[in-house]
There are 2 protein chains.
Amino acid sequence: MAASALDTLHFALDRNSPVPLYYQLAQQLEAAIEHGALAPGNLLGNEIDLSTRLGLSRPTVRQAIQSLVDKGLLVRRRGVGTQVVHSQVKRPLELSSLYDDLEAAGQGPTTRVVRNETVPATADVAAALGLAEGAEVTLLERLRSTHGQPVALLCNYLPADLLELDTARLETTGLYRMMRTAGITLHSARQTVGARSATAEEAARLDEKEGAALLTMQRTAYDDTGRAVEYGTHIYRASRYAFDFQLLVRG
Amino acid sequence: MAASALDTLHFALDRNSPVPLYYQLAQQLEAAIEHGALAPGNLLGNEIDLSTRLGLSRPTVRQAIQSLVDKGLLVRRRGVGTQVVHSQVKRPLELSSLYDDLEAAGQGPTTRVVRNETVPATADVAAALGLAEGAEVTLLERLRSTHGQPVALLCNYLPADLLELDTARLETTGLYRMMRTAGITLHSARQTVGARSATAEEAARLDEKEGAALLTMQRTAYDDTGRAVEYGTHIYRASRYAFDFQLLVRG
DNA sequence: CAGTGGTCTAGACCACAGA
DNA sequence: CTGTGGTCTAGACCACTGA
């Protein structure tokens, strides 16, 4: 048996907790990696030993390890072992570009709701949301700023019966957070990211010069039943914003 | 027992195949969803019945189903069952923006290698690749076009000892495909996507006007050991290109 | 060759959803 | 209440890696 950096580590598993055992183990392994108890390149030691030492079955231990492999923290090699990824990437970004919350991380953003009303769906909006043309949709237009400077103009459409959108709450929290609170589970989103030059009107609203480069994003988001729950057209000042994200290659 | 759309379907499992059983099942389920034998909203029937009917154990069937849940094709609900996602999104895009191959899908792209040489790493390149400043890196500069029109200017840096980059082959295939052929397994990448206005020189090389909006992308890619294997700075003509991708929300 | 992860089995009990 | 997926066990054999 090879030596393992795990030998000296202690894991506290609570069988009475409602939290699944594999999840408890995964969290504690992740924490150990995070604060350096498990350094990049360290071998974890084989799964059989680990399971007997923890008093768990091998499939349970495997499930914990697999979840960290999926997150990109560990690598398994048949005939070799499982090691901590040797990486500069400290903590993988979540799919943050999906969330309005992204800017909340650090900047203290403010949101001004410009429009919040019910309108009939135009053809493109109806197509994106899978509704009939003319069906009622909520039109939401917001201007988001940080440090008193506008950053983005967000235009969103939602099925009118989906959710009640309180303007005051929208100015203090993100749209996605409100949807989650209302019991809507986001599942996937399709995005197109491009760029173009600002029109005179856009430039005025974003405090840019006409012709300045803008980053554009169109997105349709789906809940876990596959129903389209949101369609948005966003424009960002390229001078103040960029999308930053991490991709994991599918096994 | 509830009726299931699966009852009439036939699955051919070959136990002598080197392909894992769960994978064979997953592929055939995916095919059935794809060509409509399993329509959105259809219930799959419970896992126990399915496993006895197929002559597999329940964990094996679960593994097959789970892989499709991870892909976003199926949804599981405790107490309800597993159903095909009710979605407009036909086939989720792969993380295509990671691959040079993306443009190969449809457009018949051409690549001209502008530079392909070994240079000492500047500070920013060294930092991105985790090398010492001044270490040897391969500098690769390519101009990619479709239909005779330039689309993107791709500038990449790789550790010099990683791979031999044959200029002729680079003009007929993607960089990532060459890396994969050389036994390098891509694992993750960190990207930043932004926009800015074209400088006079960039405009000339991309056949745009000075000040035109450009889409920019910086990327560092890592292999499965976490070693940085590529750093790139790409610029795209926004009038001819946009990133299109699908996000799955982490469970 | 020995050691590793990859796959698979045949059960078990639980938590939650819906009638 | 019944039926579902969620979790867990204690084994087994195989394929691949590296010495």
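By convention in this document, chain letters (A, B, ...) are assigned in the order of the sequence lines, proteins followed by strands, and residues within each chain are numbered from 1.
Side-chain proximity of R62(B) to the nucleotides dG5(C), dC8(C), dG6(D) is greatest for dG6(D). Residue R15(A) places its side chain closer to dC8(D) than to any other of dT9(C), dG5(D), dC8(D). Of the candidates dT9(D), dG5(C), dT7(D), the closest approach to any side-chain atom of T60(A) belongs to dT9(D). Which of dG6(D), dG18(C), dC8(C) sits closest to the side chain of R76(B) comes down to dG6(D). The listed nucleotides are dT9(C), dG5(C), dT7(D); the one nearest the side chain of P59(B) is dT9(C). Candidate nucleotides dG6(C), dA10(C), dA15(C) were compared by shortest atom distance to the side chain of R78(B), and dA15(C) ranks first. Side-chain proximity of Y22(A) to the nucleotides dT7(C), dG5(C), dC8(D) is greatest for dC8(D).
Contact annotation: N46(B) side-chain N/O to dG3(D) OP1/OP2 distance is not under 4.0 Å. Distances shorter than 4.0 Å separate none of the side-chain N or O atoms of R77(B) from OP1 or OP2 on dT4(D). At dT4(C), none of the side-chain N or O atoms of T82(A) fall inside 4.0 Å of OP1 or OP2 (strictly under the cut-off). Taking 4.0 angstrom as the limit, S57(A) places none of its side-chain polar atoms (N or O) nearer than this to OP1 or OP2 of dG11(D).
At the heavy-atom level, I48(B) lies nowhere under 4.0 Å from the strands shown.
Atom CG in L13(B) sits about 15 Å away from atom C1' in dT9(C), given to the nearest Å. Across the protein-nucleic acid pair, L56(B) atom CG and dG11(C) atom P stand 15 Å apart, rounded to whole Å. The separation between Q83(B) atom CD and dG5(D) atom P is 11 Å, rounded to whole Å. As a whole-Å value, the separation of Q63(A) CD from dT9(D) P is 10 Å. Rounded to an integer number of Å, the gap from L44(A) CG to dG3(C) C1' is 16 Å. If you take CG of L25(A) and C1' of dT7(D), they are 14 Å apart, rounded to a whole angstrom. Distance CD (E47(A)) to C1' (dT7(C)): 11 Å, rounded to an integer number of Å. Atom CD1 in I65(A) sits about 10 Å away from atom C1' in dG5(C), given to the nearest Å.
Of the two residues near DNA chain D, V19(A) and V80(B), the one whose nearest nucleotide lies more 5' is V80(B). If you find the closest nucleotide of DNA chain C to G81(A) and to V61(B), the one lying nearer the 5' end belongs to G81(A). Of the two residues contacting DNA chain D, namely G55(A) and Q66(B), the nearest-nucleotide position lying further toward the 5' end is that of Q66(B).
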Handout entry: D223(A) vs R227(A), salt bridge (charged side-chain N to carboxylate O under 4.0 Å, His left out): CA-CA, chis, key distance, verdict
Key = CA-CA 6 Å; D223(A) 73 0; R227(A) 178 181 53 158; 2.9 Å; yes
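Scanning all heavy atoms of the two residues, the minimum distance from V229(A) to L158(A) falls at O-CG, 3.7 Å.
Of the possible donor and acceptor atoms, one in the side chain of E171(B) sits under 3.5 Å from a partner among the backbone N and O of V113(B). Under the 3.5 Å distance criterion, the side-chain polar atoms of S51(A) are matched with a main-chain donor or acceptor of E47(A).
One donor-acceptor pair, N or O on each side, does fall under 3.5 Å between the base of dG6(D) and the side chain of R58(B).
No hydrogens or angles considered: nothing links the side chains of Y23(B) and Q63(B) as a donor-acceptor pair under 3.5 Å. In summary, the side chains of Q66(A) and Y22(A) do not present any donor paired with an acceptor at a separation below 3.5 Å, with no hydrogens or angles considered.
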